[in-house]
2 protein chains.
Amino acid sequence: MSIVVQKFGGSSVADAESVKRVAQRIVEYRQAGHEVVVVVSAMGDSTDDLIDLAQQVSPLPPARELDMLLTAGERISMAVLAMAIANLGFEAQSFTGSQAGVITDEQFGKARIIDVTPGRIRSALDDGNIAIVAGFQGVSQTAKNITTLGRGGSDTTAVALAAALGADVCEIYTDVDGVFTADPRIVSTARKIDEIGFEEMMEMAASGAKVLMLRCVEYARRYNVPVHVRSSFSRKQGTWVTDSAIPEAFLPARSAKAAESETESTMEQAIISGVAHDRSEAKVTIVGVPDIPGKAAEIFKTIAAQEIDIDMIVQNISTREPGKTDISFTLPKTDGSKAIEALDSAKAKIGFDQVRYDDQIGKLSVVGAGMRSHPGVTATLFEALSDAQVNIDMISTSEIRISVVTRADLLDDAVRAAHAAYGLDTEDNEAVVYGGTGR
Amino acid sequence: MSIVVQKFGGSSVADAESVKRVAQRIVEYRQAGHEVVVVVSAMGDSTDDLIDLAQQVSPLPPARELDMLLTAGERISMAVLAMAIANLGFEAQSFTGSQAGVITDEQFGKARIIDVTPGRIRSALDDGNIAIVAGFQGVSQTAKNITTLGRGGSDTTAVALAAALGADVCEIYTDVDGVFTADPRIVSTARKIDEIGFEEMMEMAASGAKVLMLRCVEYARRYNVPVHVRSSFSRKQGTWVTDSAIPEAFLPARSAKAAESETESTMEQAIISGVAHDRSEAKVTIVGVPDIPGKAAEIFKTIAAQEIDIDMIVQNISTREPGKTDISFTLPKTDGSKAIEALDSAKAKIGFDQVRYDDQIGKLSVVGAGMRSHPGVTATLFEALSDAQVNIDMISTSEIRISVVTRADLLDDAVRAAHAAYGLDTEDNEAVVYGGTGR
C-alpha cells in the first residue's frame with residue numbers, strides 16, 4: 001500500500017462546493033487502495049479576513065496572538081473537509097499541526113519545522129482513516145506555543161509530513177497545470193515542464209517561479225520526496241519534481257509511443273528547464289566605497305543587522321575616482337527603506353560617498369542543469385537580450401543558473417527573447433546546440 | 001493579590017469595537033492589582049455561521065469534526081481579545097482549552113470537565129500576563145481529541161478555572177444586569193436579586209432561569225466559587241451567587257446607611273428568591289398502566305434508553321378503571337417524538353392503554369431557601385393562581401422549590417400572580433408573613 005500526501009491550497013477549498021469536489025478527489029485515491037494524508041490551507045480569503053480583524057483591534061498585533069488567530073483558518077477548512085469526506089462514506093479525521101506532530105522553532109509568523117512526529121497520523125491511517133492535517137502551522141518545541149510557517153507554509157507542511165511518513169509522493173494541488181518554462185501570462189508559447197530535478201526547481205523557485213516555494217523544494221530535496229505539482233481543476237499530469245524515476249503507480253497508463261516521445265521531450269528539457277522572472281526586488285548602489293579590505297563586510301553587516309536578505313551582489317572598480325569602488329546589490333522592495341535608513345546612518349563610519357536606490361528593475365533567470373556541460377548558454381542569453389534591445393544592468397551566475405537585472409519595463413521582452421532563444425517555445429521544440437567560447 | 005476570573009459571552013465580543021471595550025474593562029482589573037484570567041466565547045454569531053458551513057457539506061457531520069470546527073470560534077475571539085489588551089499596553093496571552101488544561105471526557109458536543117490542570121495559566125499570571133482562555137472547549141483525557149462542552153460551556157469553563165486557580169471571584173458578564181426575581185419581559189416589576197445561595201440558584205437554573213446554566217452553578221457550589229453575574233454594558237453590581245460573604249474587595253464603596261438597607265433587602269429575599277418559568281417542556285401522559293409493581297420502572301427504562309432527561313413525574317390512581325393507573329411526566333419538547341415512538345413500540349409489552357402528548361404547557365417554579373421554615377408557601381401559591389384563574393395540571397416540590405404545570409397561554413399570568421403574591425414586586429417590598437396549615 002502506498003502513501004500519498006495531497007496538499008490543497010485555499011483556492012481549491014474556497015467554499016462548500018469546492019470542498020465537496022476536493023473530497024471526491026481524495027476519496028478516489030483511497031478507493032484506489034492508497035493511504036491518504038491531506039494537508040489543507042485556510043478556505044479562500046479567510047486568512048486575509050482574519051488579518052483584517054486583527055488590524056481592527058491592534059495596528060501591530062503581538063506575533064504570538066496573530067499566529068494563534070491565523071491557525072483558526074486551517075482548523076475550519078480541515079474539519080469541514082473531514083465532514084465532506086465522511087459524507088461520502090469514508091472515515092476521515094482532522095488534526096491540527098500540533099496534533100500531527102509538526103514541531104517548529106519559536107519564530108512566530110515564519111517558524112521553521114525542526115521535527116515531525118506523525119504518530120497520530122500513522123495511527124489514523126492504521127485505523128483506515130483518511131487523515132486531514134492543517135497546513136501552515138505547528139507547535140513550538142520548548143514553549144509549546146502555536147506557530148505559523150509563513151508564506152508557502154502549507155506546501156512545506158505537506159512535504160515534511162510526506163518525508164516523515166515515507167510517502168511515495170507528495171501532490172501539491174494548485175490553480176495552474178504545473179511548473180512552466182516561463183510565466184504563460186508573459187510567454188504565450190510557454191510549455192508545462194513534465195519533470196524537473198530538485199536543484200533546478202530550487203533555482204526556479206529562488207528566481208521568482210511562484211508555483212512552489214523555495215523552502216518546500218529544499219525540504220523535498222533533503223528527504224528525497226517526489227513532488228507532483230498539478231491542477232485541482234483537471235486530471236492532467238502536472239510537473240514532477242524529483243531526481244528519481246516517477247513512481248509507476250502514479251503515472252497514467254500510456255502507449256509505448258507516448259512513452260518514447262516523453263523521453264525525448266525530457267532530454268530536450270535537460271539543457272534549460274525554464275526562464276523565471278522576479279519583479280519584487282530593488283537595487284541599491286553604494287557609490288564611492290573606499291577600496292580597502294573590510295569595507296564590503298561593514299556594509300553587509302549593516303544590512304544583515306536589519307534582517308534583510310540580499311540577493312545579487314556586484315562590485316566594480318569606480319571609474320570616476322581611483323581608490324574607490326561601487327557596490328550594488330538587490331533586495332526585496334519591501335525592505336528598501338529600512339536598508340537605506342541603515343546605510344545612511346552608517347555612512348560616516350563606512351566612508352562611502354552616496355547611496356542610490358532603484359526599484360524599477362526586473363530580474364530574469366535562466367535555469368537548467370544542462371548548463372554545466374554546455375558552455376554556450378550565457379552567450380546565447382546575452383545575444384538574445386541584445387537582439388531584443390534589452391540592456392543588462394547586473395549579472396550573477398551559479399552552476400545551473402544565470403540571472404540578469406534589466407529595466408523593469410523591458411523584463412517581459414527579455415523573458416520572451418530568452419525563452420525563444422533556448423528553444424523552449426511550444427512551436428519550436430528542437431534543442432539548441434551549444435558550442436563556442438565559454439558560457 | 002486576588003485572582004479574578006471573568007467570562008465574556010459572544011454578545012460582549014460581537015465585533016472589533018466590543019472587543020476593545022471589553023479589553024478596557026479587563027485592563028482596569030489588572031490596574032487595580034488583581035491577577036486576571038478571562039474566559040471568552042466565540043464572537044457574536046460566529047458559532048452559528050460555522051454550523052451553517054458544516055451543514056453545507058454534510059447533513060450529519062461527525063461529532064469529532066464538528067467539535068474541531070466549532071472550537072475555531074473561540075480561538076479567533078481569544079486571540080483578538082489578547083491583541084486588543086496588548087494594544088492598551090498590557091501583556092496578554094491566549095490559551096486554547098487544551099493549553100489551559102481543561103480535561104474532559106470523550107463525549108463530543110457535550111463533554112464534561114473531569115479535571116483542570118491550569119499550569120500554563122498559572123505561569124502566565126506569574127509572568128505578569130493577563131491570561132485569555134477559550135471557553136466551551138477542552139481536550140479529552142485518553143484520546144486527546146478536541147471536545148466542546150455544549151450549552152453554557154463557557155460559563156462552566158470560567159467556574160472550573162476559577163476553582164482550579166483558587167480565584168476569589170468568577171465574574172460572568174452577560175447582556176442583563178443579573179438574576180431577576182422573574183423574567184422582566186413578563187413581570188415588569190421584577191427586581192434584580194443582589195445575592196442568592198448556590199442551592200436556590202441551582203433550582204432557579206433548573207427551573208428555566210436562563211442567565212446561568214445549571215451545570216455551571218453545580219460546579220461553583222461543589223468548589224465554593226463565588227460567582228458574580230453582571231452586565232457587560234454597565235458598571236452596576238449584578239447578582240452574587242454564593243453561600244459565603246461577598247469578598248469586600250469586589251464590593252463598591254458604600255455608605256453605612258446603604259449597607260444597612262441592603263442587609264434588610266437581603267433578609268426579605270431569604271424567603272423566596274424568585275419565580276422561574278420554562279416553556280421548553282412537553283407533557284406525556286400514559287393512560288391505563290396496570291397498577292402492578294415494576295410497570296413504572298419499565299416505562300422510565302424505555303425513556304432512559306433514548307437518553308431523554310425527564311423532569312416532573314406524577315402518578316395517580318386511574319379514576320376510570322380499577323387496577324389501572326395514569327402516569328404523567330414532562331420532558332424537553334425536542335425529545336417529544338422520540339419518546340412517543342419508543343413508548344408506542346413498547347406498548348404491548350408494558351400493557352398500557354394509550355399515550356397522550358401535550359406540548360402546550362408551561363412550568364412555573366417558586367424557589368427560595370426560606371421555604372423550608374415557612375409552611376404557608378405552597379398555600380400562597382395555590383391561592384394566587386386560583387385568584388388569577390390559572391388551573392394547575394401537575395405539581396412537584398423539593399425542599400426549596402415548588403413547581404406547577406399550567407396551560408402555556410396562562411403561564412405569564414401565573415408568573416405575575418406568583419411574583420406579586422410573594423411580595424417580590426418592586427413597589428411592594430414588604431415580606432409576606434407566612435403561617436397556617438402545612439405547605
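A note on names: the letters A, B, ... follow the listed sequences, proteins ahead of strands, and every chain is numbered from 1.
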All heavy atoms of Q56(B) vs all of A16(A), minimum pair found to be OE1-CB, 3.3 Å

OG of S58(B) to CD1 of I85(A): how many Å apart, nearest 0.5 Å? 11.5 Å

Can you tell which part of V19(A) gets under 4.5 Å to a heavy atom of chain B, answering side chain, backbone, both or neither? side chain

Using a 6.0 Å cut-off, check whether atom NZ of K110(A) has over 12 heavy atoms from anything other than its own residue. no

Determine whether a donor-acceptor pair (N or O, by modelled atom type, separation under 3.5 Å) exists between the side chain of E65(B) and the backbone of V80(A). no

Engaged part of A143(A) at the chain B interface, taking heavy atoms whose separation is under 4.5 Å: backbone

So does D49(A) have more than 12 non-hydrogen atoms from other groups sitting under 6.0 Å from CG? yes

Least distance between heavy atoms, N87(A) atom then V57(B) atom: ND2-O, 3.2 Å

Select, from M78(A), K20(A), E74(A), the one with the greatest count of heavy-atom pairs under 4.5 Å involving chain B. K20(A)

Is it true that atom CD of Q107(B) has more than 12 heavy atoms of other residues, nucleotides or ligands lying nearer than 6.0 Å? yes

Out of curiosity, R75(A) CZ to L50(B) CG, how far, rounded to the nearest 0.5 Å? 11.0 Å

Select one option (side chain, backbone, both, neither) describing which atoms of T71(A) are under 4.5 Å from chain B's heavy atoms. both

Grab the two heavy atoms, one from P62(A) and one from A86(B), that are nearest each other, plus how far apart they are. CG-CB, 3.4 Å

Does the pair M83(A) and L69(B) meet the rule for a side chain to side chain contact (heavy atoms under 4.5 Å, CB included), with working shown? CA-CA 10 Å; M83(A) 291 174 188; L69(B) 178 69; 3.7 Å; yes

Count the heavy atoms of every other residue, nucleotide or ligand shown that sit under 6.0 Å from CG of L60(B), and state whether that count exceeds 12. no

What closest approach, in Å, do K144(B) and R120(A) show between heavy atoms, and which atom pair accounts for it? O-NH1, 3.1 Å

Examine whether an atom of A92(A) lies under 4.5 Å from a heavy atom of chain B, and if so say whether it belongs to the side chain, the backbone or both; otherwise answer neither. backbone

Could you go step by step and tell me if M68(B) and Q99(A) meet the side chain to side chain contact (heavy atoms under 4.5 Å, CB included) rule? CA-CA 12 Å; M68(B) 183 68 95; Q99(A) 290 178 332; 3.3 Å; yes

When rounded to the nearest 0.5 angstrom, what distance separates CZ in F95(B) from CG in N145(A)? 7.5 Å

Atom CZ of R112(B) with >12 non-hydrogen neighbours under 6.0 angstrom: no

For L66(A), is it the side chain, the backbone, both, or neither that has a heavy atom closer than 4.5 Å to a heavy atom of chain B? both

